[in-house]
Colleague: 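My questions all concern the structure below.
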Amino acid sequence: DWTIDDSNLDGFTWMPTGDGAMMISYNSEDNTAAMDDWLISPPLKLEAGKSYQLSFAAFAKSASYPEKIEVKYGAGSAPGNMTHTVVAPAEIRALAEAPEYLEATIEPEADGNYCIGFHAISAANSYYLYVSRVIVEAGVSTDAPGEVADLVVTPDADGSLSASISFKAPSLTIAGKPLASISRIQ
């Protein structure tokens, strides 16, 4: 189960929308209270030396009222355990019809169970903030080869369904360390 924490104790906090999203509304009773509310995932077993890709959609109720969110993770389900920043505070102006998709990488320093915290930090008198489609992809070893460089795709000159592809093989790992060797490129 997800953990919800109303850190500012204003009684306005995260709640499900019925269509798979989670929503938080502004404090309509005190227009001086900024959001300070956490939506924290159930624990995920993560391994050191692996890189995990987090992605999620975020959107606001109205473009006239931008929202703000940050994402952190840590070894526990309380706000105080959220010690590693995944997404720095980001302003959200996108609407439901075209949500903003945010992506980040999580690389834990040690094996363990970690929770991901979505922290609503919109200014006072904002409107509604939504989060949906939260995905954490399986970890990939940070010792794996990094990105190729100088990728060039040249379509066949006579228009046939073929192309010439050239690139420089990676020289660094995903973690940015020198790559010892590459056994094959597929």
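For the numbers below, each heavy atom of this structure counts, side chains included, while hydrogens, waters and symmetry mates do not.
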Colleague: Tell me, with the steps shown, if Phe59 and Ser132 meet side chain to side chain contact (heavy atoms under 4.5 Å, CB included).
Modeller: CA-CA 9 Å; Phe59 54 95; Ser132 67; 4.1 Å; yes
Colleague: Surrounding CG of Asp1 (heavy atoms of other residues, nucleotides or ligands, distance under 6.0 Å), is the total greater than 12?
Modeller: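 Not more than 12 within 6.0 Å, no.
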Colleague: Are Val87 and Met35 grouped together when hydrophobic residues (ILVMFWY) are joined by side-chain heavy atoms under 4.5 angstrom apart?
Modeller: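 In one cluster with Val87: Met35, yes.
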Colleague: Supply the atom-to-atom distance Asp111 CG to Leu46 CG, rounded to the nearest 0.5 angstrom.
Modeller: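 Going from the CG atom of Asp111 to the CG atom of Leu46 covers 9.0 Å.
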Colleague: If I compare all heavy atoms of Asn31 with all of Ala124, which pair ends up nearest, and what's the gap?
Modeller: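 Taking Asn31 first and Ala124 second, the nearest heavy atoms are O-CB, 3.3 Å.
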Colleague: Assign the ring pair Tyr114 / Tyr73 to parallel, tilted or perpendicular, where the plane angle (0 to 90°) is split at 30° and 60°.
Modeller: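 Plane angle over 60°, so perpendicular.
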Colleague: Quick check: closest heavy atoms across Glu100 and Glu91, and the distance to 0.1 Å?
Modeller: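 Nearest pair, atom of Glu100 first, then Glu91: OE1-O, 3.8 Å.
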Colleague: I would like to know whether Tyr26 and Tyr65 meet ring-ring contact (aromatic ring centres under 6.0 Å, His included); could you show each step before the answer?
Modeller: CA-CA 10 Å; Tyr26 72 107; Tyr65 295 94; 7.6 Å; no
Colleague: Distance only, no hydrogens: is a donor on one side chain within 3.5 Å (strictly under) of an acceptor on the other, for Thr13 and Asp37?
Modeller: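 On atom types as modelled, these side chains qualify, holding a pair under 3.5 Å.
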Colleague: If you measure from CZ on Phe56 to CZ on Phe118, what distance do you get to the nearest 0.5 Å?
Modeller: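 So the CZ of Phe56 and the CZ of Phe118 are separated by 5.5 Å.
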Colleague: Do the side chains of Arg133 and Pro99 get nearer than 4.5 Å, heavy atoms only?
Modeller: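 SC-SC contact between Pro99 and Arg133 confirmed.
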Colleague: Is Leu54 linked to Met82 within one hydrophobic cluster, defined over Ile, Leu, Val, Met, Phe, Trp and Tyr using a side-chain heavy-atom separation of less than 4.5 Å?
Modeller: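 In one cluster with Leu54: Met82, no.
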Colleague: Should Met22 and Leu102 be regarded as members of a common hydrophobic cluster, given that ILVMFWY residues are connected when their side-chain heavy atoms come within less than 4.5 Å of each other, either directly or indirectly?
Modeller: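 Yes; tracing contacts between hydrophobic side chains, which count when under 4.5 Å, links both residues.
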Colleague: Test Trp2 against every option in Ser77, Pro42, Cys115 by the side chain to side chain contact (heavy atoms under 4.5 Å, CB included) rule and name the one that passes.
Modeller: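 So, applying the side chain to side chain contact (heavy atoms under 4.5 Å, CB included) to Trp2 and each of Ser77, Pro42, Cys115, only Pro42 qualifies.
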Colleague: Please name the pair of heavy atoms, one in Phe12 and one in Ile24, separated by the smallest distance, quoted to 0.1 Å.
Modeller: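 Heavy atoms of Phe12 and Ile24 come nearest at O-CD1, 4.0 Å.
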Colleague: Ignoring hydrogens and geometry beyond distance, is a side-chain donor-acceptor pair present between Ser126 and Glu67 at under 3.5 Å?
Modeller: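 There is such a pair between these side chains.
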Colleague: More than 12 heavy atoms of other residues, nucleotides or ligands under 6.0 Å from NZ of Lys72: is that the case?
Modeller: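 Result for NZ/Lys72: enclosed.
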Colleague: Transitively linked via ILVMFWY side-chain contacts under 4.5 Å: Met23 with Leu95?
Modeller: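 No, no single cluster joins them.
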Colleague: Test Val140 against Ile174 for side chain to side chain contact (heavy atoms under 4.5 Å, CB included), laying out the working first.
Modeller: CA-CA 9 Å; Val140 174; Ile174 290 174; 3.9 Å; yes
Colleague: Hey, does Ile40 have a side-chain heavy atom less than 4.5 Å from the side chain of Pro79?
Modeller: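 Yes, at least one pair of side-chain atoms sits under 4.5 Å.
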Colleague: Before you tell me yes or no, could you show the steps for Ser55 and Tyr101 under side chain to side chain contact (heavy atoms under 4.5 Å, CB included), namely the whole-Å CA-CA distance, both residues' side-chain angles and the distance that decides it to 0.1 Å?
Modeller: CA-CA 7 Å; Ser55 62; Tyr101 290 92; over 6 Å; no
Colleague: Is it possible for you to say whether Val134 and Leu129 belong to one hydrophobic cluster, with membership spreading through side-chain heavy-atom contacts below 4.5 Å?
Modeller: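 Yes, one cluster joins them.
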